[in-house]
Amino acid sequence: QVQLVESGGGLVQAGGSLRLSCTSSGRALSTYAMSWFRQAPGKEREFVAAISSSALSTNYADSMKGRFTISRDNAKNTVYLQMNSLKPEDTAVYYCAADRFGVFLTPTPNNYDYWGQGTQVTVSS
């Protein structure tokens with residue numbers, strides 16, 4: 001019922017910026033909490049940011065605060081991740097995820113119901 005597709009990844013130099021997008025080709029996302037996760041080679045999936053259905057609440061991993069911003073446009077059925085001041089350690093595949101009944105913007109991957117295929121972000125030094 002929900003098919004998520006990420007886009008906007010690519011290769012950037014350290015200090016640069018990217019904006020990732022996540023759209024649903026099926027059911028609307030307006031009632032779902034949404035999150036971004038990332039996974040680098042050889043590492044476990046890492047929480048990046050989450051946003052409530054109304055966009056009134058957000059949650060960020062400590063290493064992302066001040067650099068990344070999560071937002072959403074429910075009319076466009078899209079969630080965004082604006083990434084600034086990128087570092088080589090930000091290199092990873094970035095995934096968006098949806099929680100049908102999300103209330104607490106949990107950073108735990110197992111609490112999410114739907115996942116996209118991911119988009120590669122590579123930051124060079």
task = For Glu89, look at atom CD and say whether over 12 heavy atoms of other residues, nucleotides or ligands are found less than 6.0 Å away.
result = yes
remark   = Taken to the nearest 0.5 Å, the spacing of Asn59 CG from Ser35 OG works out to 8.0 Å
inquiry  = Counting C-beta onward and ignoring hydrogens, is there a side-chain heavy-atom pair between Trp36 and Met64 closer than 4.5 Å?
reply    = no
Result block: side-chain N/O donor-acceptor pairs under 3.5 angstrom for residues 20-29, not counting sequence neighbours:
unit_1: Ser24; atom_1: OG; unit_2: Gly26; atom_2: N; d: 3.2
unit_1: Ser24; atom_1: OG; unit_2: Arg27; atom_2: O; d: 2.8
unit_1: Ser25; atom_1: OG; unit_2: Gln3; atom_2: OE1; d: 3.3
unit_1: Arg27; atom_1: NH1; unit_2: Gln1; atom_2: OE1; d: 3.2
unit_1: Arg27; atom_1: NH2; unit_2: Gln1; atom_2: OE1; d: 2.7

query = Do Asp73 and Thr78 have a side chain donor and acceptor closer than 3.5 Å?
reply = no
inquiry  = Quick check on the hydrophobic clustering: are Leu105 and Leu4 connected, directly or via other members, by side-chain heavy-atom contacts under 4.5 Å?
reply    = no
message = Quick one, Tyr114 and Arg100 - any side-chain contact, counting heavy atoms below 4.5 Å?
response = yes
task = Take Gln13 and Ser125 through the side chain to side chain contact (heavy atoms under 4.5 Å, CB included) test and state the conclusion after the steps.
result = CA-CA 6 Å; Gln13 295 185 15; Ser125 60; over 6 Å; no
Stepwise side chain to side chain contact (heavy atoms under 4.5 Å, CB included) test for Leu81 and Val48 = CA-CA 9 Å; Leu81 183 68; Val48 175; 4.1 Å; yes
Shortest non-hydrogen contact between Glu46 and Ser63, atoms and distance = OE2-OG, 4.2 Å
ask   = Shortest non-hydrogen contact from Gly9 to Thr119?
value = N-OG1, 3.2 Å
task = Determine whether Met83 and Tyr80 fall in the same hydrophobic cluster, where Ile, Leu, Val, Met, Phe, Trp and Tyr are linked whenever their side-chain heavy atoms lie under 4.5 Å apart.
result = no
ask   = Quick check: does any side chain N or O of Glu6 sit under 3.5 Å from a backbone N or O of Gln117, one acting as donor and the other as acceptor?
value = yes
ask   = Stepwise, does the side chain to side chain contact (heavy atoms under 4.5 Å, CB included) test hold for Arg38 with Tyr95?
value = CA-CA 6 Å; Arg38 69 186 186 186; Tyr95 301 89; 6.0 Å; no
ask   = Between Lys87 and Asp90, does at least one N-O distance fall below 4.0 Å, as a salt bridge requires?
value = no
task = Say whether, by atom type as modelled, one donor and one acceptor occur between the side chain of Asn84 and the main chain of Gly16 under 3.5 angstrom.
result = no
task = Taking the side chain as every heavy atom from C-beta outward, state whether Val121 and Leu18 have any pair of such atoms under 4.5 Å apart.
result = yes
task = Using atom types as modelled and distance alone, determine if a side-chain donor or acceptor of Thr106 lies under 3.5 Å from a backbone N or O of Thr108.
result = yes
task = Could you tell me whether the side chain of Ser52 and the main chain of Ser57 form a donor-acceptor pair under 3.5 Å?
result = yes
query = Any idea which heavy atoms bring Ala92 and Gln120 closest together, and the distance?
reply = O-NE2, 3.4 Å
task = Locate the shortest heavy-atom distance separating Tyr112 from Ala50; write the atom from each residue and the value.
result = OH-CB, 4.1 Å
Heavy-atom pair with the smallest gap, counting every atom of Met34 and Ala98 = SD-CB, 3.4 Å
key: Spatial distance of atom CD1 (Ile51) from atom OG1 (Thr58) [nearest 0.5 Å]   = 6.5 Å
request  = Please find out if less than 6.0 Å separates the ring center of Phe37 from that of Phe47.
outcome  = yes
inquiry  = Can you tell me how far apart OG (Ser124) and CG (Leu11) are? Round to the nearest 0.5 Å.
reply    = 5.0 Å
task = Examine Val123 and Tyr94 and state if one hydrophobic cluster contains both, with Ile, Leu, Val, Met, Phe, Trp and Tyr joined whenever side-chain heavy atoms are less than 4.5 Å apart.
result = yes
note = On a heavy-atom basis, the closest approach of Thr69 and Tyr60 is CA-OH, 3.4 Å
task = Begin from the C-alpha positions of Tyr32 and Val2 and carry the test side chain to side chain contact (heavy atoms under 4.5 Å, CB included) through to its verdict.
result = CA-CA 11 Å; Tyr32 299 169; Val2 174; 3.5 Å; yes
request  = Taking atom types as modelled, find out whether Arg19 and Gln82 have a side-chain donor-acceptor pair closer than 3.5 angstrom.
outcome  = no
